[in-house]
Amino acid sequence: MKIISWNVNSVRARIDNIKEYIKDSSPDILLLQEIKTQNENFPINDFEELGYKSHVFGQKSYNGVAIVTKYEINNLDTDLIKDKLKQSRVISGEVKINKKKIELINIYVPNGNPVDTEKYEYKKEWLKKFINNIKKKIKKNSNILIAGDFNIIPEEIDVHDFKRYENDALGRLEIRKKYRELINLGFKDVYRFKNKAKQEYTFWDYFAGSWQKNYGMRIDHFLLSNNLIENIKSIKINKKPRAKEKPSDHTPIELEII
DNA sequence: ATGGCTGAGCTACTCAGA
């Protein structure tokens, strides 16, 4: 089964690009972030024509997450976090793979910049609430997959120029510690687990030829609970969609599990 | 190199992203 995570930066502006990607890569489940639309404007028909059902937690203009799937998903939940700003940033559900019930948690973590504002405080609070929630969840169910746009650069190797980001909301030690805290609850960063020293990115910003110069960062992640590690078949960052016309600034990360 | 693109909402321009 191939599960992919992709911050599409507007599902409607990107729909042709996404459909091409689906035809090319045949994912079973797409965990999408930054869909930037309300539920009623989500292109469910486009996905249905390709054989997928959509579960959407949308919001007007900003944020928004969705699970687009060929497999049945149960116990859908968009209420994982008591979000004081009521932003649509997390959707979860259960899928059965080889008799194992796995909880899929699709997240879009707040960006948090600039760091001297309430936006940064919101990111910290959001992560704190999320970690507390996962702490409780993993006691009841140890088959958990967390995927999405974390807006966190885990280590220096995960960005082209760490110096530029060490005081940024994506690279600050305080934030990277939250990521470690989450992993220490019993997860692996699947990409880094499989690629100890490889330097690859999932995001390149739109400015100044960042893509062409490979000025990127790895901020989109798959965290898999430790007892599912044996189920990993492959993990791959697929750079193809980032090279297309009208790309998202993020590119998909693909996890194959058995 | 802290905004030089991009998208939504809307129809001039702001807000947000990372």
Side-chain angles (χ1 to χ4, degrees), chain A residues 5-19 21 32-43 46 56-66 83-90 106-127 147-176 178-179 199-221 237 239 241-253:
Chain A
S5 171
W6 190 7
N7 176 323
V8 292
N9 185 19
S10 169
V11 69
R12 288 183 291 166
R14 211 73 56 217
I15 191 63
D16 291 338
N17 196 323
I18 296 169
K19 284 160 81 171
Y21 167 73
L32 304 179
Q33 306 89 35
E34 249 197 307
I35 59 171
K36 287 185 168 176
T37 183
Q38 297 167 98
N39 291 17
E40 53 267 40
N41 294 325
F42 191 89
D46 291 87
V56 185
F57 183 34
Q59 183 183 331
K60 195 174 180 177
S61 302
Y62 307 116
N63 313 312
V65 286
D83 188 331
K84 63 174 183 182
L85 300 182
K86 303 237 177 279
Q87 298 187 346
S88 302
R89 295 183 174 276
V90 54
N106 177 19
I107 63 173
Y108 176 44
V109 178
N111 175 294
N113 279 312
V115 291
D116 54 352
T117 65
E118 69 286 348
K119 290 185 178 188
Y120 186 67
E121 298 305 314
Y122 174 61
K123 181 179 196 172
K124 282 200 293 183
E125 266 182 54
W126 196 97
L127 284 168
D149 177 358
F150 284 65
N151 273 317
I152 299 175
I153 300 162
E155 302 293 343
E156 298 194 18
I157 189 177
D158 294 309
V159 63
H160 73 280
D161 178 4
F162 184 74
K163 283 242 169 302
R164 279 182 57 193
Y165 290 93
E166 62 187 348
N167 198 32
D168 184 277
L170 281 71
R172 266 200 179 184
L173 184 57
E174 185 176 35
I175 295 297
R176 291 159 57 217
K178 294 276 184 209
Y179 189 71
Q199 192 158 18
E200 279 191 300
Y201 308 128
T202 62
F203 167 90
W204 299 258
D205 78 33
Y206 289 125
F207 311 126
S210 296
W211 166 247
Q212 289 75 8
K213 290 185 265 189
N214 197 27
Y215 285 2
M217 54 180 87
R218 191 175 71 92
I219 54 176
D220 300 270
H221 309 299
I237 295 167
K239 287 164 74 175
R242 186 62 181 81
K244 285 181 186 167
E245 289 292 305
K246 268 175 74 77
S248 167
D249 38 9
H250 296 250
T251 213
I253 174 164

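Letters A, B, ... mirror the listed sequences (proteins, then strands); counts begin at 1.
- Contacts between residues 149-161 of chain A and DNA chain B, defined by a heavy-atom separation below 4.0 Å, involve Asp149(A), Asn151(A), listed by number.
- dG3(B) sits 15 Å from dT14(B) when the P atoms are compared, rounded to a whole Å.
- Screening Asn106(A), Asn63(A), Val65(A), Ile35(A) for a side chain to side chain contact (heavy atoms under 4.5 Å, CB included) involving Phe57(A) leaves a single residue, Val65(A).
- Between the Gln33(A) side chain and the Asn7(A) main chain, a donor and an acceptor come within less than 3.5 Å of each other.
- In this structure, Tyr165(A) reaches neither bases nor backbone, as no heavy-atom distance under 4.0 Å exists between it and the strands shown.
- Annotation for Lys123(A) and Asn151(A): closest pair NZ-O, 2.6 Å, computed over non-hydrogen atoms.
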Intra- and interstrand pairs of DNA chain B - dot-bracket, Watson-Crick/G-U under 3.5 Å, | marks other strand: ....(((((...))))).
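- Heavy atoms only, all atoms of each residue included: Ser248(A) and Trp6(A) are closest at CB-NE1, 4.0 Å.
- Base engagement by Ala208(A) is indicated by at least one non-hydrogen atom pair under 4.0 Å involving a base atom.
- Applying the side-chain contact (heavy atoms from CB on, under 4.5 Å) rule to Phe162(A) yields the partners Glu156(A), Val159(A), Glu166(A), Arg176(A); only residues at least two apart in sequence or on another chain are considered.
- In the set dA16(B), dT2(B), dG17(B), the nucleotide with an atom closest to the side chain of Tyr62(A) is dA16(B).
- Note on Asp116(A): nothing from the nucleic acid sits closer than 4.0 angstrom, heavy atoms only.
- Taking the nucleotide of DNA chain B with the nearest heavy atom to each of Pro247(A) and Asn63(A), the more 5' of the two is matched to Pro247(A).
- The distance between atom OH of Tyr206(A) and atom C1' of dT6(B), rounded to the nearest whole Å, is 6 Å.
- Rounded to a whole Å, the CD1 atom of Ile18(A) is 12 Å from the P atom of dG7(B).
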May I have the step-by-step check of side-chain contact (heavy atoms from CB on, under 4.5 Å) for Asn167(A) and Arg172(A), ending in yes or no? CA-CA 5 Å; Asn167(A) 198 32; Arg172(A) 266 200 179 184; 2.8 Å; yes
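- Counting only residues at least two apart or on different chains, the salt bridge (Lys or Arg N to Asp or Glu O under 4.0 Å) pairs with a member in residues 106-122 of chain A are Glu121(A)-Lys124(A).
- Annotation: side-chain contact (heavy atoms from CB on, under 4.5 Å) contacts of Asp83(A) (sequence neighbours excluded): Ile81(A), Leu85(A), Gln87(A), Arg89(A), Tyr122(A), Trp126(A).
- Near DNA chain B, defined here as any heavy-atom distance below 4.0 Å, the residues from residues 35-43 of chain A are Lys36(A), listed numerically.
- Atoms NE2 and CG, from His250(A) and Asp220(A) in turn, are 5.5 Å apart once rounded to the nearest 0.5 Å.
- For the pair Arg14(A) and dT6(B), the criterion of a side-chain N or O lying under 4.0 Å from OP1 or OP2 is not met.
- Each of Ala13(A) and Glu34(A) was matched to the nucleotide of DNA chain B holding its nearest heavy atom; the match closer to the 5' end belongs to Ala13(A).
- Taking a 4.0 Å limit (strictly below) on heavy-atom distances, residues 210-220 of chain A reaches DNA chain B at Lys213(A), Tyr215(A), Met217(A), Ile219(A).
- Between Phe203(A) atom CZ and dA16(B) atom P there is a gap of 17 Å when expressed in whole angstrom units.
- Computed from coordinates, the Glu245(A) CD to dC5(B) P distance equals 16 Å when rounded to whole Å.
- The nearest whole Å value for the distance from the CG atom in Leu170(A) to the C1' atom in dG17(B) is 10 Å.
- Here dG9(B) is the nucleotide among dC15(B), dG17(B), dG9(B) with the atom lying nearest to any side-chain atom of Ser61(A).
- With sequence neighbours left out, the side-chain contact (heavy atoms from CB on, under 4.5 Å) criterion links Ile15(A) to Lys19(A), Pro43(A), Asp46(A), Phe47(A).
- Among the protein residues, Asp168(A) comes within range of the nucleic acid bases, having at least one heavy atom under 4.0 Å from a base atom.
- Residue Asn17(A) contributes atom CG, which lies 14 Å from atom C1' of dG7(B) at whole-angstrom precision.
- In this structure, the ring pair (Phe, Tyr, Trp, His ring centres under 6.0 Å) partners of Tyr179(A), at least two apart in sequence or on a different chain, are Phe150(A), His221(A).
- Remark: Trp204(A) pairs with Asn214(A) by the side-chain hydrogen bond (donor to acceptor under 3.5 Å, both in side chains) rule, at least two apart or across chains.
- For Asn39(A), the side-chain contact (heavy atoms from CB on, under 4.5 Å) criterion is met by Val56(A), not counting sequence neighbours.
- Tyr120(A) meets the ring pair (Phe, Tyr, Trp, His ring centres under 6.0 Å) test with no other residue; sequence neighbours excluded.
- Under 4.0 angstrom from either OP1 or OP2 of dT6(B) there lies no side-chain N or O belonging to Arg12(A).
- When rounded to the nearest whole Å, the span between NZ of Lys119(A) and P of dT2(B) equals 18 Å.
- Going from atom CG of Asn9(A) over to atom P of dA8(B) covers 8 Å, rounded to whole Å.
- Donor-acceptor pairing under 3.5 Å is recorded for the side chains of Asp205(A) and Ser210(A).
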